[in-house]
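Read through the structure below, which is laid out as structure tokens, and then see the notes.
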Amino acid sequence: MSMRRTTTTRRAMVAVSMTAALAFALAGCGDDGGEKPGNEGSSAPSAPASPSAEDKGEPQQEDTAAGENVDPDAKLAEIRGDGLVMTIHQAKRDSGGFITLQASIKNEGTQSKNTTAWAGTETALLAKNPNSVAGATLVDKVGKKRYYILRDTENRCLCTTGIPPLLAGKTTSVFMQFPAPPETTTEVDFTLPTFATTSVKISG
């Protein structure tokens, strides 16, 4: 057998082997009636959505909560402190077992006012809620119990946060959520650092 014929024969055998291997590979990728995860055209299953605060029955914290569906002319109480006046518009008992308090704070002075003191002095809250109203409390004098701002598992308060310094003549809206006292309690004392204490009637 000549060298040229031997080379041609080897090339033919290699071509046949490659064709057979390719056919085998294609057969191995065949469908059994549906696409398998990871194949081209298939999509990975979506991760289950985390339960929302509403699904878990927890109070919801929303940026739009302050002032929404609240009459700005309603005035349950008005308190002053450090050249500021705070008007409480609503303290509503909700079905989830908490109270949402809506208010507005106006700077009646001629200079900008810092809002950092409103966050209170509790270290765990300060770290997660700078420039907030996390220092607010409610006191049930009849039940002799103090209620603090609600928070999530990461110590983020259910209240307005990130409040910038309040410029002269400007007003900011805030909201706070607390555990609800017993149904028999219809009035509580409200406190916020730098402001006087006032009594507030609970609605709802």
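- Residues forming a side chain to side chain contact (heavy atoms under 4.5 Å, CB included) with Thr194 (at least two apart in sequence, or on another chain): Ala117, Trp118.
- Residues Ala74 and Thr87 approach most closely at O-CG2, 4.1 Å, considering heavy atoms.
- Pro181 approaches Val188 most closely through the heavy-atom pair CG-CG1, 4.2 Å.
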Using residues 132-143 as the side-chain source, report each donor-acceptor pair under 3.5 Å to any protein atom, sequence neighbours left out, with the distance given to one decimal.
unit_1 : atom_1 : unit_2 : atom_2 : d
Ser132 : OG     : Asn129 : O      : 2.7
Ser132 : OG     : Ala134 : N      : 3.2
Thr137 : OG1    : Arg146 : NH1    : 3.4
Thr137 : OG1    : Thr191 : OG1    : 2.5
Asp140 : OD1    : Val142 : N      : 3.2
Asp140 : OD1    : Gly143 : N      : 3.0
Asp140 : OD2    : Thr185 : OG1    : 2.9

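- Pro165 pairs by the side chain to side chain contact (heavy atoms under 4.5 Å, CB included) definition with Ser112, not counting sequence neighbours.
- More than 12 heavy atoms of other shown residues, nucleotides or ligands fall within 6.0 angstrom of atom OH in Tyr147.
- For the pair Leu101/Phe175, no side-chain contact is recorded, criterion being any heavy-atom separation below 4.5 Å from C-beta on.
- With rounding to the nearest 0.5 angstrom, the SG atom of Cys157 is 6.0 Å from the CD1 atom of Ile149.
- For residues 86-105, the pairs satisfying salt bridge (Lys or Arg N to Asp or Glu O under 4.0 Å) are Arg93-Glu183, with sequence neighbours left out.
- By the criterion of side-chain heavy atoms lying less than 4.5 angstrom apart, applied directly or through intervening Ile, Leu, Val, Met, Phe, Trp or Tyr residues, Leu125 is not grouped with Phe195; the two fall into different hydrophobic clusters.
- With sequence neighbours excluded, no residue forms a side chain to side chain donor-acceptor pair (under 3.5 Å) with Thr186.
- In this structure the side chain of Leu150 reaches within 4.5 angstrom of the side chain of Pro179, judged on heavy atoms.
- Within the 4.5 Å cutoff, no side-chain heavy atoms of Leu158 are placed close to those of Phe98.
- If you take OG1 on Thr172 and CD1 on Ile105, they are separated by 7.0 Å, rounding to the nearest 0.5 Å.
- Legend: residues meeting salt bridge (charged side-chain N to carboxylate O under 4.0 Å, His left out) with Lys144, ordered by chain and number and at least two apart, are absent.
- Closest approach of Gly83 and Asn107 over heavy atoms only: O-OD1, 3.8 Å.
- Under the salt bridge (Lys or Arg N to Asp or Glu O under 4.0 Å) criterion, the residue pairs touching residues 108-137 are Arg80-Glu108, Asp82-Lys113, Glu122-Arg151, with sequence neighbours excluded.
- Considering only residues two or more places apart in sequence or on other chains, Thr171 meets the side chain to side chain contact (heavy atoms under 4.5 Å, CB included) condition with Ser104, Lys106.
- Lys170 meets the side chain to side chain contact (heavy atoms under 4.5 Å, CB included) test with Leu166, Leu167; sequence neighbours excluded.
- Annotation for Leu126 and Gly120: closest pair CD2-O, 3.4 Å, computed over non-hydrogen atoms.
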Can you give each donor-acceptor pair under 3.5 Å made by side-chain atoms of residues 197-204, sequence neighbours left out, with the distance rounded to 0.1 Å?
unit_1 : atom_1 : unit_2 : atom_2 : d
Ser199 : OG     : Asp189 : OD1    : 2.9
Lys201 : NZ     : Glu187 : OE1    : 3.0
Ser203 : OG     : Ala91  : O      : 3.4

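- For the pair Glu78/Val85, a side-chain contact is recorded, criterion being any heavy-atom separation below 4.5 Å from C-beta on.
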